[in-house]
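Notes follow once the structure below has been shown.
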Amino acid sequence: MSWITVPKRPLRIVLLVLVGFLVILALLGWHGAPSNSIKTAIGRQGKFPLSSNISAVEAPHRMPAVETPSFCSLLNISSIAFVTKTGATEAKDKLPPQLATCLSCVPDPLIFSDLDQTLGPYQIYDVLSRFSPEAMRGNPEFDIYYKQKELAIQGREEEIPALGELPILTYDWRTKGKSAAWALDKYKFLHSIERAWDYQPDKDWYVFMEADTYLSLANLVRFLATQDLKKELYFGNAVRMFEHPTLLYFAHGGSGFILSGATVKDFAVTHKGLANQFDSRIRHSWFGDYVVAEALDETLHVKLTDILPMMQGDSVMDFPFGEHSWCKPVITLHHMTPEEFNGVFEYEKSQNFSGFLYRDLYAITFNGLFPSRKDNWENSSDNGKYKIQVTPNDIEELHDESDLHEMEFPDNSFEACEIGCIQEPDCVQFSYHAFENSGDDRDDRCHLSTVFRLGHAIEPSELEPGESVSSGWLNGRIAKWVEEHQDCAD
Ligand SMILES: *[C@@H]1O[C@H](CO)[C@@H](O)[C@H](O)[C@H]1NC(C)=O
Ligand SMILES: *[C@@H]1O[C@H](CO)[C@@H](O)[C@H](O)[C@H]1NC(C)=O
Ligand SMILES: *[C@@H]1O[C@H](CO)[C@@H](O)[C@H](O)[C@H]1NC(C)=O
Ligand SMILES: *[C@@H]1O[C@H](CO)[C@@H](O)[C@H](O)[C@H]1NC(C)=O
């Protein structure tokens with residue numbers, strides 16, 4: 001052990017104990033340790049279902065005894081049904097911020113999940129309870145569904161969240177790294193639509209969202225007032241499904257989607273049983289939100305109307321602020337933290353629900369400045385929609401740069417990239433991807449962007465070996481732009 005200087009006695013004992021402990025852990029094959037119950041569940045995956053007799057009993061529908069606060073009278077939402085879709089591994093953790101903020105004005109939100117549970121006055125429904133038993137049988141993606149039921153029946157509900165660690169069983173690059181709970185989610189969409197009509201028929205509109213989606217009720221009501229509820233409509237944040245044989249866009253689930261009462265009636269009444277007809281097809285689709293578009297298109301001939309950015313799927317930190325979004329109303333925000341739910345709702349309340357624009361979201365979220373530089377940080381400056389073509393820098397304009405040649409090409413360095421951004425009047429942020437040993441045919445890339453967003457830390461696993469990413473913002477320009485865009489015409 002010549003490579004280590006052995007410390008004085010008390011420390012040496014601590015070290016020995018520590019080393020001994022690590023050796024024991026290594027011998028036990030410890031990998032950041034799933035708990036025992038997860039190990040048991042993983043061990044059983046693929047073998048579990050139908051070995052035990054769990055009959056599907058539906059929870060009776062009941063109205064929650066929720067009293068809405070008095071400020072809610074500012075919102076006329078009685079003709080709208082609100083549906084939140086979640087899963088038992090996350091429900092009790094994720095629902096409270098949504099229920100305490102935007103849904104606090106909804107006396108009877110429908111909470112659809114994969115297990116019957118209660119949360120305070122609210123009933124959480126197992127929306128899979130009418131799923132076709134034939135389509136479930138032999139489908140290992142339902143293992144977690146049965147496992148959850150078994151734990152609930154045994155009074156071990158507190159062990160359910162740990163099942164969130166179970167990995168997805170099927171391999172595909174699109175669903176890589178996802179969980180078994182995520183894989184089960186796609187089976188719930190069509191049954192949610194059917195069940196929403198069952199429990200709250202004849203509403204003008206039906207809004208579907210997830211537990212980490214914030215919904216501005218005021219902006220929703222205002223938007224819907226401009227739409228024809230007699231038409232079969234489907235609104236959301238459009239994502240193209242390239243594998244679909246014809247041109248088809250689906251509404252991204254986390255951004256939420258809105259169906260007119262006419263659409264839901266056609267789905268649940270005129271085409272009664274439609275959800276069950278699709279049950280056996282869903283296993284071969286990647287995403288449940290895509291299945292909604294497929295069913296609506298194929299059976300009802302209803303296509304999606306894209307209302308981005310009003311409904312959108314970025315977290316607040318990743319949201320691109322700029323000309324295209326600034327004066328638009330916010331209907332949904334996705335990936336919301338409890339603090340963000342609270343901050344946004346308090347703001348809407350303080351304005352008496354008189355409207356909430358992306359300009360306001362910026363004001364309450366970012367207190368002025370972005371950092372000037374952040375390493376290992378992704379700000380999505382390379383996003384095709386907002387990117388500026390990178391051209392050589394005008395080195396005539398540079399005075400005290402030591403190496404003018406290096407500075408000519410923005411792809412050469414973070415500093416040259418920054419100059420590239422400064423020289424483009426519309427550029428407000430940039431990012432620089434560098435590769436170690438890229439040699440003469442350098443792969444290093446500068447990206448310039450017309451929109452500003454904070455972005456997020458990037459994990460080394462998301463990068464190629466030897467790749468690094470740094471981001472920069474032109475705060476002076478952003479502040480000036482924000483100052484000049486304070487007024488949004490009504
Ligand atoms: C399963 O349970 C139900 C209700 O408890 C019972 O009626 C049925 O006979 C059971 N089936 C089997 C195969 O044990
Ligand atoms: C609330 O909305 C419904 C349907 O949009 C409308 O018929 C009703 O008049 C509204 N009520 C109030 C008090 O504005
Ligand atoms: C909201 O309404 C209250 C009570 O009517 C009023 O006192 C307050 O000034 C209003 N606030 C705004 C921002 O309009
Ligand atoms: C911004 O994003 C780009 C492209 O992903 C990245 O290279 C750059 O480092 C990021 N910059 C900041 C300041 O986050």
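Every number for a ligand or one of its atoms is a count from 1 in the order of the listing. Just so it is clear, the model here is predicted, and its values are computed rather than measured.
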Can you confirm whether some protein heavy atom lies under 4.0 Å from [atom], or whether none does?
atom                    : result
atom 7 (O) of ligand 3  : no
atom 14 (O) of ligand 3 : yes
atom 2 (O) of ligand 3  : yes

Residue part near ligand 3, for Ser350, under 4.0 Å between non-hydrogen atoms: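 The answer is the backbone.
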Taking [atom] as the reference point, the nearest protein heavy atom with its distance:
atom                    : answer
atom 9 (O) of ligand 2  : Asn76 ND2, 4.6 Å
atom 10 (C) of ligand 3 : Asn352 ND2, 2.4 Å
atom 4 (C) of ligand 2  : Ser79 OG, 3.8 Å

N/O donor-acceptor pair under 3.5 Å between Gln117 side chain and Ala91 backbone: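 No; zero donor-acceptor contacts below 3.5 Å.
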Pair Glu346 + Lys349: basic N to acidic O under 4.0 Å: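 Yes, Glu346 and Lys349 are salt-bridged.
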Salt-bridge present (Lys178, Asp185; N to O < 4.0 Å):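 Salt bridge between Lys178 and Asp185, a charged N being under 4.0 Å from a carboxylate O: no.
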Test side-chain hydrogen bond (donor to acceptor under 3.5 Å, both in side chains) applied to Tyr125 and Glu58, Arg195, His61, the passing residue: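 Of Glu58, Arg195, His61, side-chain hydrogen bond (donor to acceptor under 3.5 Å, both in side chains) with Tyr125 is met by His61 alone.
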Pi-cation contact, Phe208 with Lys85 (under 6.0 Å, within 45°):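 The answer is no, since Lys85 fails at least one limit relative to Phe208.
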Whether over 12 other heavy atoms sit under 6.0 Å from Asp487 CG: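 Open.
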Contact (N/O only, under 3.5 Å) between Gln351 and ligand 3: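 In fact, backbone or side chain, Gln351 has no N or O that close.
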